[in-house]
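Scroll down for the structure; my scribbles are underneath it.
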Amino acid sequence: MDFSFTDDQRQLRDALRGYLERENSFSARTASARSASGWSESLWRGLADDLGILGVGVAETAGGAGGNAIDMMVASEELGANLLVEPFLETSVIGAAALGAAGGREAELAAIVSGDMRCAFAWAEAESRFDPAAPATAATRTAAGWRLDGRKAVVTAAPYATHLLVTARDGDEPALFLVGADAAGLSLRGYPMIDGRRAADAVFDAVSLPEAALLLRGEEATERLCDIATAMLGAEALGVMRVMLDDTISFTKERRQFGQPIAGFQVLQHRMVDMYMQLELATSAVYRAVLSLDAAPAERARAVSAMKVTVAGACRFVGQNAIQLHGGMGMTDEVRVSHYFRRATVIESEFGSADWHRPRFAALSRAA
């Protein structure tokens, strides 16, 4: 099977990489993450206006690029390598996928393309662990449309989102709603995360919504959305691990001990080869998951869960060894590998830990 990228995909990768190197250097990214707002509006607008990358997965009829899953994967990997804190995954992946599946939402999709809409995915709850199809948040029909009541935990990007994509239970079925961040009855308690991003716990207290707020209904629709998000998170992880490996190789070539670079020590060479192999295994798993997103639901879910287990293990192995091979410097805030390690640590459990995805994969395999 040919896994090489097309010329357009290589150009997309190179253009995005070059733009981020110029406009979002490590120091600029760190400054944005530590600012009062926690993100850079100018960078977000640049990604929309200068590159058009926010609409890479949006249909051309809504002003987007009409890209496929591979295009989204290429973009996600480069954004991971840059440690982007702005909500690309939440907006251009999850938001675009949800609105596109709902149909008839061209105005909202156009707002994503232009950068006017920023989304946060409010799906996680303390009681339901990582199961997206079992929300406790209740959606109740009213004369005007809907009412939401419940709580969501660790809603990434919520502090700077314009809209929340909220999972709730409509009777016996999970459903997805589009909620304005300024909706009456919605309260957010924001906080920084260890990887530099911002998140919030959300409380929905009799939040009134119009009928049009309902985007999707059904367990399959909710799980497919989470599988898409998980696959693109895996692509982001590849970018994170690639930088950790490259930085480790560069550091060991410069760090000298006993009169020679420590990269010459065979035991360290073996360790870095093991890091490379973990990255390659994760890459294969991500490719399989992304290529399976349009497959039958069970096949897609198995591929995504297998990928998440593989990527979680690779993130831990590559990250921990990168820190160890950097020595004490690897734990300092000034060395960027420590920031990538924090992001890799969060990715391990985001959209389900390996301990959650293993039994999911096993259950799907038994049912096949």
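Start at 1 with the first residue, then count along the sequence.
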Decide, yes or no, whether a salt bridge links R22 with D50 under the criterion of side-chain N to carboxylate O below 4.0 Å. no

Give me the atom names and distance for the closest heavy-atom approach of K308 to G352. NZ-O, 2.9 Å

Are V154 and F121 linked, directly or through intermediate hydrophobic residues, by side-chain heavy-atom contacts shorter than 4.5 Å (ILVMFWY only)? no

F26-V335 co-clustered via ILVMFWY side chain contacts under 4.5 Å: no

Between the side chains of T61 and E106, is a donor N or O closer than 3.5 angstrom to an acceptor N or O? no

What closest approach, in Å, do Y276 and L245 show between heavy atoms, and which atom pair accounts for it? CA-CD2, 3.9 Å

Closest approach of A312 to A354 (non-hydrogen atoms, all atoms of both residues): CB-CB, 4.2 Å

side-chain contact (heavy atoms from CB on, under 4.5 Å), that's the test. Do R29 and R336 meet it? Break it down for me. CA-CA 11 Å; R29 177 263 176 197; R336 70 175 187 170; over 6 Å; no

Angle class for the H326/F251 ring planes (parallel below 30°, perpendicular above 60°, tilted otherwise)? parallel

Group every Ile, Leu, Val, Met, Phe, Trp and Tyr by side-chain heavy-atom contacts under 4.5 Å, then state whether I228 and F88 land in the same group. yes

Are R224 and D294 close enough for a salt bridge, meaning some N to O gap below 4.0 Å? yes

So, R343 and E236, do they make that salt bridge, N to O below 4.0 Å? yes

Quick one: do T248 and R271 satisfy side-chain contact (heavy atoms from CB on, under 4.5 Å)? Show the steps, please. CA-CA 11 Å; T248 302; R271 188 73 63 85; over 6 Å; no

Check this for me: does any side-chain nitrogen of one of R342 and D333 sit under 4.0 Å from a carboxylate oxygen of the other? yes

Residue pair Y340 / G80: nearest heavy atoms and the distance that separates them: CE2-O, 3.9 Å

Full working for side-chain contact (heavy atoms from CB on, under 4.5 Å) between D195 and V85: CA-CA 9 Å; D195 60 359; V85 296; over 6 Å; no

Less than 4.0 angstrom from a charged side-chain N to a carboxylate O is my criterion; do E127 and R151 meet it? no

Linking I/L/V/M/F/W/Y whenever their side-chain heavy atoms sit closer than 4.5 Å, directly or via other members, would I323 and L279 fall into one cluster? yes

Is there a path from F351 to L364 through hydrophobic residues (I, L, V, M, F, W, Y) whose side chains come within less than 4.5 Å of each other? no

Between D116 and R45, is there a side-chain N and carboxylate O pair less than 4.0 Å apart? yes

Do S128 side-chain atoms and P135 backbone N/O form a donor-acceptor pair below 3.5 Å? no

Which atoms form the tightest heavy-atom contact between L164 and F204, and what is the distance? CD2-CZ, 4.1 Å

Donor-acceptor pair, R10 side chain versus F5 backbone, under 3.5 Å? yes

Salt-bridge present (E78, R13; N to O < 4.0 Å): no

Distance-only, no hydrogens or angles: does the R198 side chain make a donor-acceptor pair with backbone N or O of Y160 under 3.5 Å? no

Tell me the closest heavy-atom pair linking G63 and V113, and the distance in Å. O-CG1, 3.5 Å

